[in-house]
Amino acid sequence: MTTTEVSEQAQTSYPMARECPYSPPAELGRLQADEPITRARIWDGSTPWLLTRYADVRSVLADPRFSSDPYRDGYPTVAASRKIRQDRQRPSFIFMDDPDHARLRKMLIGEFTVRRIETLRPLIEQTVTELLDAMEAGPRETDLVQAFALPLPSLVICHLLGVPYADHAFFQEQSHALLDLTSGEEKVVAALDALQGYLDELAEAKRKNPTDDLISRLGARVNAGELEISEVSAMAFLLLVAGHETTANMIGLGTLTLLHHPDQAALVRDGDTATVRSAVEELLRVLTVTHVGRRRVALEDVEVDGTLIRAGEGVILAAEAANRDPEKYSHPDDLDITRGTNQHVAFGFGIHQCLGQPLARIELQIAYPALLQRFPDLRVTVPDSEIRFREEMAVYGVHELPVAF
């Protein structure tokens, strides 16, 4: 067993800047090869552990001796803006350990089973068709993010939760402010209070006058004494923000990536169901839009591949590097939608693995081929140097994607 003393010379900074907008920072690859478990300095000067290998990341994500509770000493918070939010926001279950995490998560599991999500397929297909119809009827040049990538998951998550889509500009603006890691305190507090207040009122209204949606079903649990109304609001907050931001950026960045690989795009456009599913998994692996690492703190002394992580020490699990680990994937930097078995960690792993992954998958499986089939001549109208990539955001992607068709 070894331990690593913290020294000024041994520390790297995390996160690092990307050299290529389609790949994680090259420094992560070097660390993965030479120092797979090392210390990294983060925004507040602390030096949590940084793990970059697939096996180590997956191992820690599955280990209950590592907590996801950001209120514990030593937890490596992502950024100053997230600390501000964390101190003011009601915690959601992804930042809890069992048994509180399990108590709340099990109330949502039935809503996100593969079978339950499959019932949304007709709605998603209809929504995709209507959005593509609108694109086709408009100018031949447009921003794909605003025309397609962002409204699709927003419409679907609004339907599922019972949030009025007419309010999409409001909640998208607040989400953007909260996920911007450079947001100042005033901006974070304003966005948090606005969105939290909006969902508080919506949850209470649906508790009193339920309709056929998820928030109303949670409201019934409040009436039954199983939940607090504040817990309903916190869950709605998490699902609304995560439910549209991650998928929207996978559609935008994924489409851009496919357009840079026309052979792969052709396979998606003309492929069967299995090919499209494989393509989605490969894009999730290669792009890993949640690119600031999964965060944990050790509850006790734990040895990880020969390195001792002591109780109270923070850990950053770089999923974006783990998904490019050459010990797990051959030619890991290549986009190969015929890769086959693809056990990536883009949705995390263990008890906190993304609850909404069946919904994200079905949206992507429908969106990519439909877009490429409708517009076989789809092309980006600006060079990469003019595209604004979301390096400063907790969810990576593109702010806009100018296309012609």
Side-chain angles (χ1 to χ4, degrees), residues 108 111-140 142-173 175-176 202 206 211-217 236 238-256 258-259 265 268-269 271 273 276-277 279-280 283-284 289 347 354-376 378 395 397-398 400-401 403 405:
L108 294 172
E111 303 280 352
F112 290 96
T113 63
V114 173
R115 177 175 296 183
R116 170 74 178 90
I117 293 302
E118 266 300 319
T119 67
L120 296 176
R121 180 177 289 276
L123 169 76
I124 299 170
E125 290 175 336
Q126 179 184 346
T127 304
V128 165
T129 298
E130 291 174 355
L131 290 169
L132 296 180
D133 286 347
M135 273 182 63
E136 195 166 27
R140 305 304 287 179
T142 190
D143 172 15
L144 191 73
V145 171
Q146 291 300 322
F148 185 65
L150 186 55
L152 172 59
S154 298
L155 281 159
V156 173
I157 198 65
C158 280
H159 171 84
L160 185 64
L161 293 178
V163 172
Y165 183 70
D167 298 334
H168 70 278
F170 164 76
F171 68 72
Q172 287 168 357
E173 181 183 357
S175 294
H176 190 277
L202 185 65
K206 288 185 173 292
T211 48
D212 183 16
D213 52 61
L214 192 155
I215 293 178
S216 293
R217 288 189 282 280
L238 169 67
L239 296 172
L240 180 62
V241 174
H244 77 273
E245 283 279 358
T246 51
T247 306
N249 283 290
M250 272 304 303
I251 294 172
L253 186 61
T255 299
L256 175 60
L258 287 171
L259 293 178
V268 174
R269 185 187 63 230
T273 301
V276 172
R277 285 179 175 169
V280 168
L283 286 165
L284 287 164
V289 295
F347 290 118
C354 176
L355 186 69
Q357 59 184 292
L359 179 59
R361 284 190 162 109
I362 195 171
E363 290 178 328
L364 297 174
Q365 289 164 8
I366 294 170
Y368 290 135
L371 176 66
L372 296 171
Q373 289 163 10
R374 178 71 73 95
F375 305 118
L378 186 72
V395 179
V398 289
E400 305 92 12
L401 186 58
V403 296
F405 49 88

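Heavy-atom basis, side chains included; hydrogens, waters and symmetry copies ignored. For reference, positions follow the sequence shown, starting with 1.
Sorted by first and then second residue, the salt bridge (charged side-chain N to carboxylate O under 4.0 Å, His left out) pairs with a member in residues 145-156 form an empty list; sequence neighbours excluded. Within the structure, every pair that satisfies the salt bridge (charged side-chain N to carboxylate O under 4.0 Å, His left out) test and touches residues 238-253, not counting sequence neighbours, is listed here: Glu245-Arg390. Applying the salt bridge (charged side-chain N to carboxylate O under 4.0 Å, His left out) test to pairs two or more places apart or on separate chains, none has a residue in residues 148-160. Note on residues 360-369: pairs passing salt bridge (charged side-chain N to carboxylate O under 4.0 Å, His left out), not counting sequence neighbours, are Glu281-Arg361. Contacts classified as side chain to side chain donor-acceptor pair (under 3.5 Å) and involving residues 161-170 (residues at least two apart or in different chains) are given here: Asp167-Tyr198.
Distance CG/Leu120 to CD1/Ile117: 5.0 Å, rounded to 0.5 Å.
Under the side-chain contact (heavy atoms from CB on, under 4.5 Å) criterion, Arg217 pairs with Glu111, Arg116, Asp212, Leu214, not counting sequence neighbours. Judged as a ring pair (Phe, Tyr, Trp, His ring centres under 6.0 Å), and not counting sequence neighbours, the contacts of Phe375 are Phe405. Considering only residues two or more places apart in sequence or on other chains, Glu173 meets the salt bridge (Lys or Arg N to Asp or Glu O under 4.0 Å) condition with none of them. Considering only residues two or more places apart in sequence or on other chains, Glu125 meets the side-chain contact (heavy atoms from CB on, under 4.5 Å) condition with Arg121, Ile366. Residues that satisfy the side-chain contact (heavy atoms from CB on, under 4.5 Å) test with Arg269, not counting sequence neighbours, are Ala266, Leu372, Gln373. Listed by chain and residue number, nothing satisfies the salt bridge (Lys or Arg N to Asp or Glu O under 4.0 Å) test with Glu130 (two or more places apart in sequence, or in another chain).
Under the 4.5 Å side-chain criterion, counting only non-hydrogen atoms from C-beta, Pro164 is in contact with Leu202. Within the 4.5 Å cutoff, the side chain of Asp213 has no heavy atoms near those of the Leu161 side chain. Residues Ile251 and Leu371 fail the side-chain proximity criterion, which asks for heavy atoms closer than 4.5 Å. Side-chain contact between Thr273 and Gln365 is absent, with no heavy atoms from C-beta onward closer than 4.5 Å. Side-chain contact between Ile157 and Leu359 is present, with at least one heavy-atom pair separated by less than 4.5 Å. In this structure, Leu378 and Thr255 have side chains that are in contact, with non-hydrogen atoms separated by less than 4.5 Å.
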Show me the donor-acceptor pairs, under 3.5 Å and distance only, between side chains in residues 146-156 and residues at least two apart or in other chains.
{"unit_1": "Ser154", "atom_1": "OG", "unit_2": "Leu150", "atom_2": "O", "d": "2.8"}
{"unit_1": "Ser154", "atom_1": "OG", "unit_2": "Gln172", "atom_2": "NE2", "d": "3.0"}

